[in-house]
Amino acid sequence: MIEESARVLRVEGDIVWIEAIRQSACDSCSAQKGCGHSLLVKAGHQRLEVPVDRNGVDIQPNDHVMIGVPDQAVLKSSLLIYGLPLLLMILLAMLSQSLGANEVTTILVSFGSLIAGFFMVNWKSQRLDIRQWQPKIVRTLSSNQARIPVCEI
């Protein structure tokens, strides 16, 4: 289970709206001005509300919780989203090359098969039971546990 701490924004029945707590070492690093990661963290700072399953945990707004996503969900979704289109593109490019197609035709076949792979991912993802892959609240955290620093020197 991949876990991340979050803050509860509101509770609506079995659905809880949370905001993930950004955990980055960029606040304590001495190389902030020369680090590209620091710039990306500052540029991408925006509030993102995510609905998660309450999972029977008794919580109130502003509580700190630990949310979890099954390891298999991350692995399978990554393979589906990235692996399927790329595998299809590579296989059909190799097939067209082995059949004696010229370079332009092979490039067009590769591009077309990549696009077809994206459509296959869309079709497959609509037929999956996505509820088992969604994050769930694992447990509540005390206020001290929610503020553990990532890196201190």
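Position 1 is the first residue of the sequence, and the numbers go up from there.
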Counterpart residues, salt bridge (Lys or Arg N to Asp or Glu O under 4.0 Å), relative to Glu12 (two or more places apart): Arg10
List, by chain and number, the other hydrophobic cluster members for Leu108, where Ile, Leu, Val, Met, Phe, Trp and Tyr join if side-chain heavy atoms come within less than 4.5 Å, directly or indirectly. Val104
Hydrophobic cluster identity match, Leu88 and Leu95, side-chain contacts under 4.5 Å: yes
Between Ser5 and Leu141, the two heavy atoms sitting closest are CB-CD1, 3.8 Å
List the residues meeting side chain to side chain donor-acceptor pair (under 3.5 Å) with [X], not counting sequence neighbours, and say none if there are none.
{"X": "Gln72", "result": "none"}
{"X": "Asp71", "result": "none"}
{"X": "Ser125", "result": "none"}
{"X": "Asp14", "result": "none"}

If you measure from CD on Glu3 to CD1 on Ile67, what distance do you get to the nearest 0.5 Å? 9.5 Å
For [X], give me all partners under side-chain contact (heavy atoms from CB on, under 4.5 Å), at least two apart in sequence or on another chain.
{"X": "Val8", "value": "Val11, Val16, Ile18, Ile59, Asp63, Val65"}
{"X": "Met94", "value": "Ile90"}
{"X": "Asp58", "value": "Arg54, Gln60"}
{"X": "Leu80", "value": "Leu84, Val121, Lys124, Leu128"}

Show me the donor-acceptor pairs, under 3.5 Å and distance only, between side chains in residues 110-120 and residues at least two apart or in other chains.
from   : atom 1 : to     : atom 2 : distance (Å)
Ser110 : OG     : Thr106 : O      : 2.8
Ser113 : OG     : Val109 : O      : 3.0
Ser113 : OG     : Ser110 : O      : 2.9

Whether over 12 other heavy atoms sit under 6.0 Å from Gln126 CD: yes
Check: Lys136 and Met1 side chains under 4.5 Å, non-hydrogen atoms: no
